[in-house]
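Side chains are part of it too, since the values below use all heavy atoms of this structure and drop only hydrogens, waters and symmetry mates. Numbers restart at 1 for each chain; the letters A, B, ... are given by sequence-line order, proteins then strands.
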Amino acid sequence: MERIAVIDFETTGITPGAGCRATEVAVVMLEQGRIVERYQSLMNAGVPVPAFVAGLTGITTAMLRSAPPVDRVMNEVAEFVGDTPLLAHNAAFDQKFWDYELSRIGRSRSQSFACSLLLSRRLLPAAPNHKLGTLTRWAGLPDTGTAHRAMADAEMAANLLQHLVGELRGTHGVQRLDHAFLCKLQKVPAAKVREALLKLR
DNA sequence: TGCCAGGCCCTCTTTAGGGCCTT
């Protein structure tokens, strides 16, 4: 499969533009099933981290005071990603913050997002739930470090993508597998995935 | 003033409701 950029944001909340900003970003570049490059940075957008989120991520307001400014980090990560196709776990969330933070520095997204949450619901229906951490443990994937930090979560999502690719190739016999295929598959109604895979492979 | 996400997915559905998932 072609090069894919797996991205994860940590933020101060759920909704960008309602006071919520990105606090950390990580991207791992996957090529032929291997991580070949990494980018990770905290970023200071000048907003406080709510106590609940600091407890969840371990990222505090104090840590962000000494982090590089958000504009510099977003420019760097945008250059790093370029027009490489993207993937995230619950991509609707990361896409929202990617688009929002890029718009603040006068940039915009050119590529589409694939979503390992939507794909997991379709390809791993027997999993107890479809949280990134649960899927990682359930599928026996490597421990990547502290969950809810950007790099650990990006690596987990990358490992999960490789597991999903294995399912598609092994269990479902899909031959032509690329980012566009993943984007198409994640839009197939969950109840019709088996039928769709027979046609798509 | 008071409220505060939103798209996906299932079902005791479709003139709707509630849980999931991300921080």
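- A salt bridge does not link A/Glu167 with A/Arg122: none of the charged nitrogens is closer than 4.0 Å to a carboxylate oxygen.
- Legend: residues meeting side chain to side chain donor-acceptor pair (under 3.5 Å) with A/Arg194, ordered by chain and number and at least two apart, are absent.
- One interatomic measurement links the two molecules: CZ of A/Arg21 to P of B/dA5, which rounds to 19 Å at whole-angstrom precision.
- Judged as a salt bridge (Lys or Arg N to Asp or Glu O under 4.0 Å), and not counting sequence neighbours, the contacts of A/Glu24 are A/Arg149.
- Residues satisfying the salt bridge (Lys or Arg N to Asp or Glu O under 4.0 Å) criterion with A/Glu2, sequence neighbours excluded, are absent altogether.
- Residue A/Ala190 is in sugar-phosphate contact alone, with no base atom involved, counting any heavy-atom pair closer than 4.0 Å across all strands shown.
- Not a single salt bridge (Lys or Arg N to Asp or Glu O under 4.0 Å) links A/Arg72 to another residue, sequence neighbours left out.
- A distance of about 25 Å separates the C1' atoms of B/dT15 and B/dC20, rounded to the whole Å.
- A/Arg121 is linked by a side chain to side chain donor-acceptor pair (under 3.5 Å) to nothing, counting only residues two or more places apart in sequence or in another chain.
- With DNA chain B read from its 5' end, the first of the two nearest nucleotides for A/Arg122 and A/Thr15 is the one closest to A/Thr15.
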Contact letters for nucleotides 17-23 of chain B, in which S counts primed atoms plus P, OP1 and OP2 and B counts the base, heavy atoms under 4.0 Å = ---BBBB
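- When the P atom of B/dG7 is taken as reference, atom CZ of A/Phe113 falls 16 Å away, rounded to whole Å.
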